[in-house]
Amino acid sequence: MEHPMSVGGQPDHSQGIAYIDGKYVPMDEARISILDWGFIRSDCTYDVVHVWKGKFFRLADHIERFQRGLRGLHLSLPLTGDDIAKIVTECVRRSGLRDSYVEMICTRGTPPPGAPRLPTRCVNRFFAFAIPYVWIFTPEEQAKGAKIIVSSVPRIPPDSVDPRIKNFQRGDFTQALFEAEAKGADTAVLLDRDGFVTEGPGFNVFAVVDDQVFTPDRGVLEGITRRSVLELCADEGVPAQVGRLTAEALRNADEVFLASTAGGIMPVIQVDDRILSNGAPGPLSNRLRRRYWERHDEGWHATPIDYA
Ligand SMILES: Cc1ncc(COP(=O)(O)O)c(C=O)c1O
């Protein structure tokens with residue numbers, strides 16, 4: 001029988017390539033130990049960078065954030081930023097993918113046999129993979145705009161789990177997604193304990209009020225797409241402010257959009273029962289979204305990949 005991921009007898013790499021234990025393997029052969037604390041304790045950090053039309057977008061910024069995450073969680077790897085860049089590039093190159101979602105992960109690993117079960121004793125591990133580009137909302141969905149709720153589930157407090165370090169402790173997001181689906185919405189944003197907007201499962205949140213853009217300053221991952229949005233606003237002469245945002249301000253905004261590596265700039269047309277900009281993506285959200293992808297084509301923050 002033909003291997004399920006083989007095409008015409010050749011291994012099919014189009015579903016992606018992973019880097020595990022120093023080897024590059026097709027995605028369906030990528031396995032880790034189930035005893036790794038990354039798996040059994042969510043004790044890990046990660047980052048996701050994308051490749052668009054054969055070029056990484058802001059690769060150095062993603063690696064820098066990943067390395068900050070490592071330091072923040074007392075994880076260490078015998079890899080420099082350049083080593084990491086080479087590994088993720090090789091994953092993409094071998095996959096042949098021109099549009100790719102590229103993840104790097106460092107797990108706590110396991111303590112050596114007989115050693116105390118303490119995080120300080122664990123041997124940390126590095127994994128990476130490149131798979132086809134992932135959209136939180138597809139371009140067709142983005143053209144219609146997303147419906148979101150302000151979840152009743154509060155975001156995990158930042159002094160318990162620092163949201164600036166990318167992590168898999170997403171129990172709050174998972175509950176919020178169940179709530180969103182039950183209410184007929186596509187996704188959710190979460191508030192902090194003081195009632196201010198934070199972020200949602202995989203994205204930062206922006207409100208447009210009187211032609212000005214606002215995004216939360218705390219309790220969030222400092223998204224690389226968020227940084228790109230702020231740069232685009234500066235280039236386009238659109239005033240942007242990073243500060244506190246209430247749920248009320250979000251519901252009453254002229255426009256709302258979400259931003260993530262997995263999908264770019266994604267317009268919102270409804271927050272709870274409130275319909276925004278007559279139920280269609282707003283003009284500024286559309287303009288920023290268009291510019292975001294146009295700038296990709298112009299080589300903005302791009303690192304081309306040599307697939308040869
Ligand atoms: C919780 C959270 N907030 C925000 C983001 C957006 O970050 P970036 O733009 O770097 O992808 C992500 C991305 O995965 C995320 O998981």
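All residue numbers refer to positions in the sequence shown, counting from 1. Just follow the structure's listing: the first ligand is 1, and inside any ligand the first atom is 1.
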Test side-chain contact (heavy atoms from CB on, under 4.5 Å) applied to L70 and L73, step by step: CA-CA 5 Å; L70 297 179; L73 295 183; over 6 Å; no
Pi-cation contact, Y307 with R93 (under 6.0 Å, within 45°): no
Amino acids contacting ligand 1, non-hydrogen cut-off under 4.0 Å: Y46, R65, K166, R170, F173, E199, G200, G202, F203, N204, L221, G223, I224, T225, A259, S260, T261
Pair D192, T198: side-chain N/O donor-acceptor within cut-off below 3.5 Å: no
Polar side-chain atom of T45 near backbone of G69 as donor-acceptor pair, under 3.5 Å: no
Check: A308 main-chain N/O paired with D306 side-chain donor or acceptor under 3.5 Å: yes
Partners passing side chain to side chain contact (heavy atoms under 4.5 Å, CB included) against H296 (at least two apart in sequence or in another chain): H50, W52, F57, Y292, W293
